[in-house]
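Numbers restart at 1 for each chain; the letters A, B, ... are given by sequence-line order, proteins then strands.
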There are 2 protein chains.
Amino acid sequence: MPQPASETIPKKPSRIQLRNRRIILDAALDVFSQHGFRGATLDQIAEASGLSKPNILYYFDGKEAIHVELLNALMAEWLAPLTDLDPDGDPLEELLGYIRRKMEMSQAYPRESRLFAGEIIQGAPRMGPHLSAGLKPLFDEKCALIQGWMDAGRLAPMDPGHLIFSIWAMTQHYADFDAQVCVLMPDEARARDGATRHVEQMFRKVLTP
Amino acid sequence: MPQPASETIPKKPSRIQLRNRRIILDAALDVFSQHGFRGATLDQIAEASGLSKPNILYYFDGKEAIHVELLNALMAEWLAPLTDLDPDGDPLEELLGYIRRKMEMSQAYPRESRLFAGEIIQGAPRMGPHLSAGLKPLFDEKCALIQGWMDAGRLAPMDPGHLIFSIWAMTQHYADFDAQVCVLMPDEARARDGATRHVEQMFRKVLTP
DNA sequence: TCGTGCCTTGACCAAATGGTAAAAAACAAG
DNA sequence: CTTGTTTTTTACCATTTGGTCAAGGCACGA
């Protein structure tokens, strides 16, 4: 058997393929994050990417395939900061560092944040497995870690799960509700830098034993 | 002139009209909150309401009109708790009461919360005026009130605007990201009751001077 | 009971949408 | 240049979608 039977041969992608797939994904991120899955159209993605609609379908198996690919890429990058929580570090500094990274990410990648938020709000129809299989174990692991820190008296006691939810809620809020923030707090510097400082200061107070 | 010229005569709505408009709005809230504006279809609303599509268009001028009506109703109810912040009350108890009411609302009306969230995430295309004209003045007024409390040393000092954002972020999170919460925290009682207690305890600590 | 005006519906429409087929164009290897 | 492959486009299709229209049904006051 020279070539393995009934297996898809990967065939490494050409430079053009790599480039165009990236262009398409970037355009799709714009469109999906702004209109949600059902609200986004292939024509919009085509126009945003500068490619023709059939050409997009040459690179991806369909609208849903693009969306799924975006969510996959998202999860990997999104989970990293939580993964990096170090059991051997100083609890307070570890968590504050996590919060800081999360704030930076939601400011640097608001589109990703909104894409994720939109998907969850709609009941995570295309992400259920990802949540259960990818996020859940990590969440449980870090909950246990934080609980350990609290039991040791190195953090103020509280429910670790709700603590993590609090952090997510606050860090995502500034990305997801940007339109609201911009209307209510027109001073951009106060909104951006103030947010980071406020959130950090707030959690420092909450977490200090 | 028996009847005033060039003015729309209100013509009080019949019982049937009142009932069907309510039914339609309720069904539309289901559909819009789950799929967003562009993702929702009149057929879905028709099926959810048990009325035919043309019949729905008999009661409303179109898809957008239904959506706008929902957002209007939403804003009124949504703003009430903030309006009720009493300058003469005890600062800490006033804010904790506000937080409690907000948590109750996001648990009692998750659809409204998601509808609002979806609209804001998409850049508030149908709510810009509402935000500037309705929410902004109230927001500024209450920011000033809280700032006064802080200046008087009755609350820990912080940016009042960001404080309000924090409250909104936390209270909305449990409604908007319910799908995520349910996966990560399957114990329903811990999720629901724990959330309220956690948020209240957290802000009590943050706000205490 | 009868009509008048409110309510409901089936049939239909134009535009938009996700997707396809095949030919043309661009490109790479010899 | 020639040939085989990859990329792009043109033309097209079936379905869905928001919305219309005219005709039928129904309630309710006289």
Exercise for review: Can you figure out which of D:dT17, C:dC7, C:dG18 approaches the side chain of B:Tyr59 most closely?
Suggested key: C:dC7

Exercise for review: Would you check if B:Glu119 and B:His67 make a side-chain contact, meaning some heavy-atom pair closer than 4.5 Å?
Suggested key: yes

Check your understanding: How many Å lie between CD on A:Gln17 and P on C:dC27, as a whole number?
Key -> 15 Å

**Study point:** Side chain to side chain, A:Gln34 and B:Arg38, heavy atoms closer than 4.5 Å
**Key:** no

Review point. Would you say a side-chain N or O of B:Ser52 is under 4.0 Å from OP1 or OP2 of C:dT8?
Key: no

Exercise for review: Could you tell me the separation between the CG atom of A:Leu51 and the P atom of D:dT9, rounded to a whole number of Å?
Suggested key: 7 Å

Review point. Just how far, in rounded Å, is C1' of C:dC7 from CZ of B:Arg19?
Key: 11 Å

**Study point:** C:dC6 OP1/OP2 closer than 4.0 Å to side-chain N/O of B:Tyr58
**Key:** no

Check your understanding: With sugar-phosphate meaning primed atoms plus P, OP1 and OP2, does B:Ala40 contact a base, only sugar-phosphate, or nothing at under 4.0 Å between heavy atoms?
Key -> sugar-phosphate

Practice item. Please tell me which of A:Lys63 and B:Asn20 maps to the more 5' nucleotide of DNA chain C, matching each residue to the nucleotide holding its nearest heavy atom. Key: B:Asn20

**Study point:** Phosphate OP1/OP2 of D:dT7: any A:Asn55 side-chain N/O under 4.0 Å
**Key:** no

**Study point:** N/O donor-acceptor pair, side chain B:Lys53 with base D:dG18, under 3.5 angstrom
**Key:** yes

Check your understanding: Which is true for B:Leu42 with a 4.0 Å heavy-atom rule: it touches a base, it touches only sugar-phosphate, or it touches nothing?
Key -> sugar-phosphate

Practice item. Indicate, with a heavy-atom threshold strictly under 4.0 Å, whether A:Phe60 touches base, sugar-phosphate, or nothing. Key: nothing

**Study point:** Whether B:Trp168 and B:Phe139 hold their rings parallel, tilted or perpendicular, with breakpoints at 30° and 60°
**Key:** tilted

Exercise for review: Please state whether the phosphate of C:dA16, meaning OP1 or OP2, lies under 4.0 angstrom from any side-chain nitrogen or oxygen of B:Arg38.
Suggested key: no

**Study point:** Residue B:Pro54, side-chain heavy atoms: nucleotide from D:dT20, D:dT7, C:dG19 that is nearest
**Key:** D:dT20

Check your understanding: Looking at side-chain heavy atoms only, is the closest gap between B:Glu104 and B:Thr196 below 4.5 Å?
Key -> no

